[in-house]
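Computed over heavy atoms, backbone and side chain alike; hydrogens, waters and symmetry mates excluded.
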Amino acid sequence: QVQLVESGGGSVQAGGSLRLSCAASGYTFSSMRMAWFRQAPGKEREGVAYINTDSGNTYYADSVKGRFTISQDNAKNTVYLQMNSLKPEDTAMYYCAARTSVPGASVFDRRTYNYWGQGTQVTVSS
């Protein structure tokens with residue numbers, strides 16, 4: 001049974017940092033591709049960072065490039081999202097998601113993700 005458990009959210013002031021963690025279990029870690037999505041109130045869920053846990057390749061939404069870093073720890077079956085220089089517009093519920101390899105699909109097409117965590121709230125005040 002695949003499980004994704006996020007942690008690390010919280011409240012920070014603009015310019016601050018947070019690190020989110022997503023602990024995965026129930027499958028071979030390198031067999032899934034993983035991403036972080038976020039959803040603000042009244043908005044659609046959007047992808048922010050993606051990592052191919054087999055190759056290590058990463059992709060970022062333009063809105064977070066240069067500020068967010070996605071990484072993995074294979075020994076802990078965990079994916080991280082380091083968020084620096086946070087802005088009020090980064091406020092959202094952040095979700096970890098996993099999918100098998102889907103050739104040709106956008107890395108941020110949420111319809112292709114089979115497994116989701118419960119989410120962790122990030123609030124950035126100005």
Side-chain angles (χ1 to χ4, degrees):
Q1 180 181 355
V2 175
Q3 282 194 318
L4 304 174
V5 179
E6 303 102 330
S7 61
S11 297
V12 295
Q13 289 192 326
S17 298
L18 283 172
R19 189 178 80 156
L20 306 182
S21 300
C22 173
S25 61
Y27 66 94
T28 302
F29 189 60
S30 62
S31 70
M32 294 279 197
R33 313 299 179 243
M34 298 186 73
W36 286 96
F37 287 78
R38 68 185 181 187
Q39 187 167 19
K43 294 190 176 182
E44 289 191 354
R45 191 171 297 189
E46 62 174 358
V48 296
Y50 165 93
I51 188 165
N52 179 324
T53 53
D54 187 28
S55 68
N57 289 340
T58 59
Y59 297 92
Y60 298 93
D62 288 343
S63 58
V64 306
K65 270 181 193 173
R67 300 189 299 122
F68 290 12
T69 302
I70 189 170
S71 62
Q72 65 188 79
D73 184 332
N74 292 341
K76 296 182 179 180
N77 285 1
T78 298
V79 170
Y80 301 99
L81 185 67
Q82 178 66 44
M83 305 185 294
N84 299 329
S85 302
L86 282 161
K87 305 175 181 179
E89 51 264 43
D90 294 318
T91 295
M93 185 72 79
Y94 282 71
Y95 298 91
C96 175
R99 73 178 190 190
T100 56
S101 176
V102 184
S106 166
V107 298
F108 293 139
D109 184 351
R110 62 184 184 272
R111 299 170 300 176
T112 63
Y113 285 82
N114 311 94
Y115 306 101
W116 293 84
Q118 81 286 355
T120 186
Q121 178 67 37
V122 171
T123 302
V124 185
S125 58
S126 57

Do [X] and [Y] share a hydrophobic cluster (ILVMFWY, side-chain heavy atoms under 4.5 Å, transitive)?
X      : Y     : result
Val2   : Met34 : yes
Val124 : Tyr95 : no
Tyr50  : Tyr80 : no
Trp116 : Tyr27 : no

Task: Test: Arg45 cationic atom under 6.0 Å from Phe37 six-membered ring centre, within 45° of axis - done: no
Compare all side-chain heavy atoms of [X] with those of [Y] and state whether any distance is below 4.5 angstrom.
X      : Y     : value
Trp36  : Val79 : yes
Met83  : Val48 : no
Thr100 : Met32 : yes
Thr69  : Tyr60 : yes

Can you tell me how far apart [atom1] ([X]) and [atom2] ([Y]) are? Round to the nearest 0.5 Å.
X     : Y      : atom1 : atom2 : value
Met93 : Thr123 : CE    : OG1   : 8.5 Å
Gln82 : Arg67  : CD    : CZ    : 12.0 Å
Gln72 : Asn77  : CD    : CG    : 10.0 Å
Ile70 : Asn52  : CD1   : CG    : 10.5 Å

- [ ] Any chance you could lay out the side-chain hydrogen bond (donor to acceptor under 3.5 Å, both in side chains) test for Asn84 and Ser17, step after step, and finish with the verdict?
- [x] CA-CA 4 Å; Asn84 299 329; Ser17 298; 2.9 Å; yes
Does anything in [range] form a disulfide bond (SG atoms under 2.5 Å apart)? List the pairs, not counting sequence neighbours.
range           : result
residues 19-123 : Cys22-Cys96
residues 23-53  : none
residues 97-126 : none

[Y] backbone acceptor or donor facing [X] side chain under 3.5 Å:
X      : Y      : result
Thr53  : Phe29  : yes
Glu6   : Thr120 : no
Tyr113 : Val107 : yes

TODO: Please list, chain by chain and in numerical order, all residues satisfying side chain to side chain donor-acceptor pair (under 3.5 Å) with Thr112, sequence neighbours excluded.
DONE: Arg99
Task: Residue list, side chain to side chain donor-acceptor pair (under 3.5 Å) with Tyr94, at least two apart or on another chain - done: Arg38
Heavy-atom closest pair, residues [X] and [Y]:
X     : Y      : answer
Leu4  : Gln118 : O-OE1, 3.6 Å
Ala14 : Ser126 : CB-CA, 4.3 Å
Thr91 : Ala40  : O-CB, 3.7 Å

Task: Selection residues 102-111 - residue pairs positive for side chain to side chain donor-acceptor pair (under 3.5 Å), sequence neighbours left out - done: Asp109-Arg111
TODO: Salt-bridge test for Asp90 and Lys87: reply yes if a basic N is under 4.0 Å from a carboxylate O, no otherwise.
DONE: no
- [ ] Using the side-chain contact (heavy atoms from CB on, under 4.5 Å) rule, take Leu86 and Phe68 through it: C-alpha gap first, then chi angles, then the decisive distance, then the call.
- [x] CA-CA 9 Å; Leu86 282 161; Phe68 290 12; 3.9 Å; yes
- [ ] Determine, stepwise, if the pair Val122 / Leu20 fulfils side-chain contact (heavy atoms from CB on, under 4.5 Å).
- [x] CA-CA 9 Å; Val122 171; Leu20 306 182; 4.0 Å; yes
